[in-house]
Number of protein chains: 2
Amino acid sequence: MAPDIVSVLDQICTDIRKPAKSVVFRQGEQADFIYFLQSGALRIDCQLEDGRNLVLDFLWPDRFLGIVENDVYAWSATALVDVHLKRLRRSTLQSLAQDYPRIMDLLLQQKSASLMAAKNHIILMSCPTATHKLIGFLLDYSKRPEYYNPATQMLTLVMSRKDIADYLGMTFETTSRVFKYLETHNYIRKINHRQIQLTPHILQDA
Amino acid sequence: MAPDIVSVLDQICTDIRKPAKSVVFRQGEQADFIYFLQSGALRIDCQLEDGRNLVLDFLWPDRFLGIVENDVYAWSATALVDVHLKRLRRSTLQSLAQDYPRIMDLLLQQKSASLMAAKNHIILMSCPTATHKLIGFLLDYSKRPEYYNPATQMLTLVMSRKDIADYLGMTFETTSRVFKYLETHNYIRKINHRQIQLTPHILQDA
DNA sequence: CGAGTATTTGAGCAGCATCAATAAGAGTGG
DNA sequence: CCACTCTTATTGATGCTGCTCAAATACTCG
């Protein structure tokens, strides 16, 4: 990411701040803007025709969102905590890409990051049991420096049981039961619903 | 895809033909080449540490493969039928990208296609039952003009039951049983293992 | 504090995995 | 072309996992 583009983008982007639980954009809306997540965390989900609500991804800082091929957003983005975003018109980015070829590198790099996340998601969903899925999820999550402290092994979940369930393709009851299983088998310690501590037992699986 | 690039690529690419069941590249190998699938079909799979074999995607003509970030392939590509590919050194493509900026568009477009496929894969894997998964798979598959004839509704499967199972995250026994279920409930007619006919019953679900 | 939401927990059942055996089909060499 | 082998697919029996519906509890926010 060359400094010249960053400074240019910095100047023309609009700063957007959204509180937790607010929607950044909604599936089906006119896709006028590209966003760049500065801080906080987002949930990307889509509503299927059969009524299912599917969480496609969780997004962390330094990630773009709203890069779509067609003219409407194919999924929704919701803030899980208070977020800070930079916003840019899609049309502006497109014209800018001609003067700054590095923007294409940036876009390609972001697409690659999305693709890697999707492949990892597929691997998680293919796990044979719900326990494997959740352990895999927690180990991935423990790579987020904002929400995991390796010194204390404390992990702050920014999403609900239902969000995790919709991400892993299971019900929230099962998610809750597996959390219980992990606690009784000494994989984790629960401080409260959103605060858990990982034990060496679960960490050595990584 | 501008004609100038295509003609340039055509000249410098090596033509590669591989018989069915042969491996194009293997997970972990030095990623020296980018491939462009001209005809046939490929299976992309990866071997996980726990011994599972996971099918990440099936690739059809006009798709690139081997676009990786690091220097080794993260997954393997295997020919499902006889395939025709064009091959290019990664380093050649990189230097070419400076003279032909359109190559970046091409790469971005291919990444987007991979990402869309992955999202769709996630949607399939999140289906509540194996029957839903397989019906979704067959309906997607029926969009391949090479292997589905809308006039006769005949569909030629290029992959095994195990391939389908590893793609959908289930066992091949379950795949087989669901095929049986679909046949007895008049969703499909089986001509042989690899040839099935879709009925209006299944097609109206799309 | 109180209302609404999120999470936990329970009981019963359906669906899928596992292990095992048989059948169908593909490939090979006489 | 047929017989034989090997691979792929089907089918069966059984047990476990996770879903459904339901109720109780914990937590959040105004």
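A, B, ... follow the sequence lines: proteins, then strands. Residue 1 opens every chain.
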Point to revise | Residue met sooner reading DNA chain C from 5', once B:Met170 and A:Ser160 are mapped to nucleotides | key: A:Ser160
Look at the side chain of [X] and decide which nucleotide, out of [options], has an atom nearest to it.
X	options	value
B:Arg161	D:dT10, D:dC27, D:dC21	D:dT10
B:His193	D:dT10, D:dT20, C:dT18	D:dT10
B:Arg177	D:dC19, D:dT17, D:dA13	D:dA13

For [N] and [X] - does any side-chain N or O of the residue sit under 4.0 Å from the phosphate oxygens OP1/OP2?
X	N	result
A:Lys180	C:dT9	yes
B:Thr171	C:dA17	yes
B:Thr174	C:dC16	no
A:Arg194	C:dA6	no
B:Ser176	D:dT10	yes

Point to revise | Note: B:Lys18-B:Asp82 ion pair, threshold 4.0 Å (strictly below) | key: no
Practice item. State, with a plain yes or no, whether a side-chain heavy atom of B:Leu88 is found less than 4.5 Å away from one of B:Phe36. Key: no
Review point. Between B:Asp163 and B:Phe58, is any pair of side-chain heavy atoms under 4.5 Å apart?
Key: yes
Let me know the distance between [atom1] of [X] and [atom2] of [N], rounded to the nearest Å.
X	N	atom1	atom2	value
B:Asp166	C:dA17	CG	P	11 Å
A:Phe179	C:dA6	CZ	P	16 Å
A:Ile196	C:dA6	CD1	C1'	16 Å
B:Met125	D:dG18	CE	C1'	16 Å
B:Glu173	D:dG12	CD	P	14 Å
A:Asn192	C:dT8	CG	C1'	14 Å
B:Leu134	C:dC16	CG	P	11 Å
A:Lys190	C:dT9	NZ	P	6 Å

Practice item. Kindly calculate the angle separating the two end axes of the helix from C:dC1-D:dG30 to C:dG30-D:dC1, each obtained from five base pairs, and round it to 10 degrees. Key: 60°
Exercise for review: Please confirm whether B:Tyr167 and B:Phe137 have ring centers closer than 6.0 angstrom.
Suggested key: yes
Revision key, fill the gap. Sorted by position of nearest nucleotide on DNA chain D, 5' first, the leading residue of B:Lys162 and B:Pro128 is B:Lys162
Check your understanding: Between A:Gln109, A:Lys119, A:Arg63, which is the residue that forms a side chain to side chain donor-acceptor pair (under 3.5 Å) with A:Ser114?
Key -> A:Arg63
Check your understanding: ring pair (Phe, Tyr, Trp, His ring centres under 6.0 Å) with A:Tyr73: which of A:Tyr35, A:Phe33, A:Phe25?
Key -> A:Phe25
Exercise for review: Please report the shortest heavy-atom distance between B:Ser39 and B:Pro61, naming the atom on each side.
Suggested key: CA-CG, 3.9 Å
Practice item. Without swapping roles, check the side chain of B:Arg52 against the backbone of A:Pro128 for a donor-acceptor pair under 3.5 Å. Key: no
